[in-house]
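Sequence lines set the chain letters: A, B, ... in the order given, protein chains first and strands last, and positions in each chain run from 1.
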Amino acid sequence: MGRKGDAGRQGGERGDMGIVTMITDFGDSDWFVGAVKSAILRVNPSCVIADVTHSIPRHDVRYGAYVLASVFRAFPPRTVHLAVVDPGVGSERLAIAAEIDGRYFVGPDNGLLSECLSTATYARFVRLSIPLSASATFHARDVFAPAAARLSKGCRIHELGEAVSSVMTFDIPYPQLVPEPGVVAGQVRHVDRFGNLITNLPNRLLELGPVYLQNRQLRKVSCYAEGGVRELVVLPGSNGTAEIAVNGGNAQEISGATGGTEVRVAIN
Amino acid sequence: MGRKGDAGRQGGERGDMGIVTMITDFGDSDWFVGAVKSAILRVNPSCVIADVTHSIPRHDVRYGAYVLASVFRAFPPRTVHLAVVDPGVGSERLAIAAEIDGRYFVGPDNGLLSECLSTATYARFVRLSIPLSASATFHARDVFAPAAARLSKGCRIHELGEAVSSVMTFDIPYPQLVPEPGVVAGQVRHVDRFGNLITNLPNRLLELGPVYLQNRQLRKVSCYAEGGVRELVVLPGSNGTAEIAVNGGNAQEISGATGGTEVRVAIN
Amino acid sequence: MGRKGDAGRQGGERGDMGIVTMITDFGDSDWFVGAVKSAILRVNPSCVIADVTHSIPRHDVRYGAYVLASVFRAFPPRTVHLAVVDPGVGSERLAIAAEIDGRYFVGPDNGLLSECLSTATYARFVRLSIPLSASATFHARDVFAPAAARLSKGCRIHELGEAVSSVMTFDIPYPQLVPEPGVVAGQVRHVDRFGNLITNLPNRLLELGPVYLQNRQLRKVSCYAEGGVRELVVLPGSNGTAEIAVNGGNAQEISGATGGTEVRVAIN
């Protein structure tokens with residue numbers, strides 16, 4: 001089995017154990033997560049398996065793509081991300097592996113890579129063949145896990161299948177200039193566990209002018225604790241985009257905003 | 001500490017770290033999962049601990065047995081499955097370890113092995129002794145975890161306790177022939193996270209005749225995506241038995257079926 | 001990077017991989033858990049990361065302190081506990097690392113160590129510096145994870161920052177003598193997943209006299225299974241304090257008790 005030169009490795013010999021992360025919509029009460037782990041460990045018993053989340057809302061490929069992109073580059077080089085939100089399992093949709101900026105992805109070709117690719121320096125893709133014995137309802141176990149485990153052991157991506165030149169992507173909602181001069185319209189992308197409204201406005205836009213949610217101007221702060229009681233504030237988020245929060249409270253409940261709600265910046 | 005010959009091993013030297021899976025009804029908001037992991041790592045600090053699920057419904061031994069059997073043989077040889085759904089902890093029920101087809105089980109003797117044993121080639125059992133210091137409410141930490149960790153390091157099962165000739169099992173609901181000629185009556189065993197109805201009808205029965213749920217004949221498909229909008233379809237499941245699903249929807253919600261609902265095959 | 005002598009180690013060479021546990025209120029559906037794991041594995045790719053829980057109720061520092069203390073000493077010496085329940089992230093509150101009885105803690109200085117310290121033999125603390133590049137909303141990723149990973153590789157605590165002489169603690173509700181002679185008043189500290197009422201009465205108090213919940217005397221048993229149908233019983237808990245339970249049932253639902261409800265022992 002081929003191996004990349006050691007130059008690109010981190011962590012010395014033990015790093016050779018390999019890291020596979022899991023990002024799925026499998027939930028945590030079925031046997032699915034265990035079955036995928038078993039298929040990885042059968043090929044690479046020393047693999048470090050890092051659960052990222054199994055609680056992607058079922059079939060929500062867009063949210064899966066968001067979470068995947070949020071952690072993709074943060075893991076060490078050669079990490080394999082097994083990301084499976086796969087309503088089309090067993091259909092004509094391709095099973096793929098990808099190498100993007102030194103990390104790997106294995107999963108369905110249904111748009112999960114859209115956000116990773118939007119900022120990629122380089123990428124290449126291969127199509128995984130589906131063994132006849134694979135269950136048409138569980139490619140994560142029968143196709144993706146074995147491929148991920150092989151990559152984690154040093155297998156090169158071109159050994160896994162035939163190259164393909166592109167993969168499916170969907171449009172990512174970027175902030176837009178609107179007819180009113182100097183106004184940038186973004187939106188809430190996601191509400192996190194704490195009720196914070198994660199927008200698609202890059203943090204640096206916060207310096208350019210006031211931010212409005214539902215026609216209300218938001219005070220800018222630098223950390224949650226600076227907010228007042230039940231006060232909606234905006235601050236730079238840890239994922240690169242601005243978030244709207246309430247100190248010790250829940251911005252979603254207090255604002256009623258949700259995914260898709262518009263958030264505006266009036267450039268000074 | 002005794003070791004089996006290397007012949008039965010997979011994965012070379014690093015595989016010696018050992019794998020322990022966890023299947024419990026401990027939930028994920030208490031300190032129980034952490035306490036069990038600490039007890040494993042104290043004995044084998046290099047152990048690979050694979051969380052399968054901690055969300056077995058509390059005290060639901062039958063569902064625990066189903067999940068355990070679903071992953072038992074899929075993990076590499078010598079994997080130790082620590083499965084604990086244990087309403088009788090601290091009572092007269094035995095604490096046991098088992099070796100079945102090259103994998104290990106450690107847990108209470110309350111039927112958790114029923115489904116694994118129904119397809120076993122060979123099995124042997126030992127009774128674990130309960131240290132005086134063990135808490136009568138937490139054998140997972142004080143009895144099962146140390147035993148699992150010792151097995152993961154290469155300890156032989158007979159070193160853990162006195163052999164016992166059998167363990168508790170409960171009846172598994174297999175499909176039945178019914179008075180109507182050529183009809184096999186199975187049932188829904190379980191509803192998965194996606195609302196799919198997992199039956200106890202072996203996949204191969206699908207080829208023998210039409211399948212009926214609540215007197216409605218179901219169209220047979222080979223993957224979820226072949227189903228129509230809100231159409232209940234039946235297809236071969238990844239766990240060896242047929243499942244009833246709705247493409248992009250929730251078969252449980254649409255059918256109203258649940259665990260125990262009858263599913264029939266009319267053999268042609 | 002400095003290393004302690006091998007004398008204090010367990011588990012031989014592979015134990016050098018290091019263990020980091022995670023105790024957070026991050027939930028399991030965001031990218032936060034993955035981001036922290038990535039930051040640990042970038043520094044120590046061979047680290048054993050043990051998820052204890054990510055389901056601390058959001059911002060519930062007191063419950064986080066309880067869970068942390070419940071597992072702190074049970075893990076092998078040199079284990080690093082990354083515990084983050086951090087409503088004050090990015091504010092003036094300090095970021096700290098602590099060494100207590102041979103284990104490490106990394107997290108915010110907001111009382112999370114209160115219960116660990118209440119039984120500590122020795123402890124020392126350092127203040128972690130906050131890099132300019134750290135996000136003010138995610139110190140777990142940018143401050144605590146790198147520090148935890150360095151400790152897991154053998155770094156000494158004084159290499160991480162400047163010593164501080166004390167950290168924030170809050171009062172822990174211990175049982176109290178009340179005006180009535182011979183009566184000790186404790187309380188329900190926590191309700192676990194099974195509905196058991198975990199009190200703050202040390203197990204040994206159970207031997208000294210009858211126990212009352214809401215003026216009802218509770219029968220003492222030694223394991224759950226000894227309780228009658230819907231009977232509230234009291235028994236020694238696995239965490240060192242008495243718990244009130246119902247065999248096969250839910251003590252919280254049956255009693256209506258909750259965190260803070262008084263539980264009395266009348267010393268004979």
For this session: Starting from the C-alpha separation in whole Å, work towards a yes-or-no answer on side-chain contact (heavy atoms from CB on, under 4.5 Å) for B:Asp51 and A:Val33.
Result: CA-CA 8 Å; B:Asp51 295 298; A:Val33 170; over 6 Å; no
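For a residue to count as touching a neighbouring chain, one of its non-hydrogen atoms must lie under 4.5 Å from one of that chain's; by this rule B:Ser222 touches chain A with the backbone only. In this structure, the portions of B:Asn250 lying under 4.5 Å from any heavy atom of chain A include both its backbone and its side chain. Proximity to chain A (any heavy atom under 4.5 Å) is restricted, for B:Glu243, to the side chain, taken from C-beta onward. Residue contact with chain B, scored on non-hydrogen atoms closer than 4.5 Å, involves the backbone and the side chain of A:Ser38 alike. Contact annotation for A:Arg93: neither backbone nor side-chain heavy atoms come within less than 4.5 Å of a heavy atom of chain B. Looking at B:Asn203, there are no atoms closer than 4.5 Å to chain A (heavy atoms on both sides), in backbone or side chain. When heavy atoms are compared at a cutoff of 4.5 Å, B:Leu235 approaches chain A solely by way of its side chain, counted from C-beta outward. Proximity to chain B involves both the backbone and the side chain of A:Asp25, based on heavy atoms less than 4.5 angstrom apart.
Annotation: B:Arg73, atom CZ; neighbour count of heavy atoms from other residues, nucleotides and ligands within 6.0 Å is above 12. Counting heavy-atom neighbours within 6.0 Å of B:Arg230 CZ, excluding the residue itself, gives a total of 12 or less.
Side-chain atoms of B:Arg193 never come within 3.5 Å of backbone atoms of A:Phe32 as a donor-acceptor pair (strictly under, hydrogens ignored). Side chain of A:Arg42 to backbone of B:Pro76: no donor-acceptor contact under 3.5 angstrom is found. In this structure, the side chain of A:Lys37 does not engage the main chain of B:Val52 through any donor-acceptor pair within 3.5 Å. Side chain of B:Ser238 to main chain of A:Phe138: no donor-acceptor pair is present (N/O by atom type, distance under 3.5 Å, no hydrogens or angles).
Options B:Gly248, B:Pro236, B:Ser70 differ in how many heavy-atom pairs under 4.5 Å they form with chain A, and the most are formed by B:Ser70.
We find the OG1-CZ distance between A:Thr137 and B:Phe194 to be 10.5 Å, quoted to the nearest 0.5 Å. Taken from OG in A:Ser91 to OH in B:Tyr224, the straight-line distance is 12.0 Å, to the nearest 0.5 Å. Here the straight-line distance linking atom CD1 of B:Ile56 with atom CG of A:Asp28 works out to 10.0 Å at 0.5 Å rounding.
In plain terms, the two heavy atoms of B:Cys223 and A:Ala136 that are nearest each other are CB-O, 4.0 Å.
Counting heavy atoms from C-beta on, the side chains of B:Thr53 and A:Trp31 never come closer than 4.5 Å.
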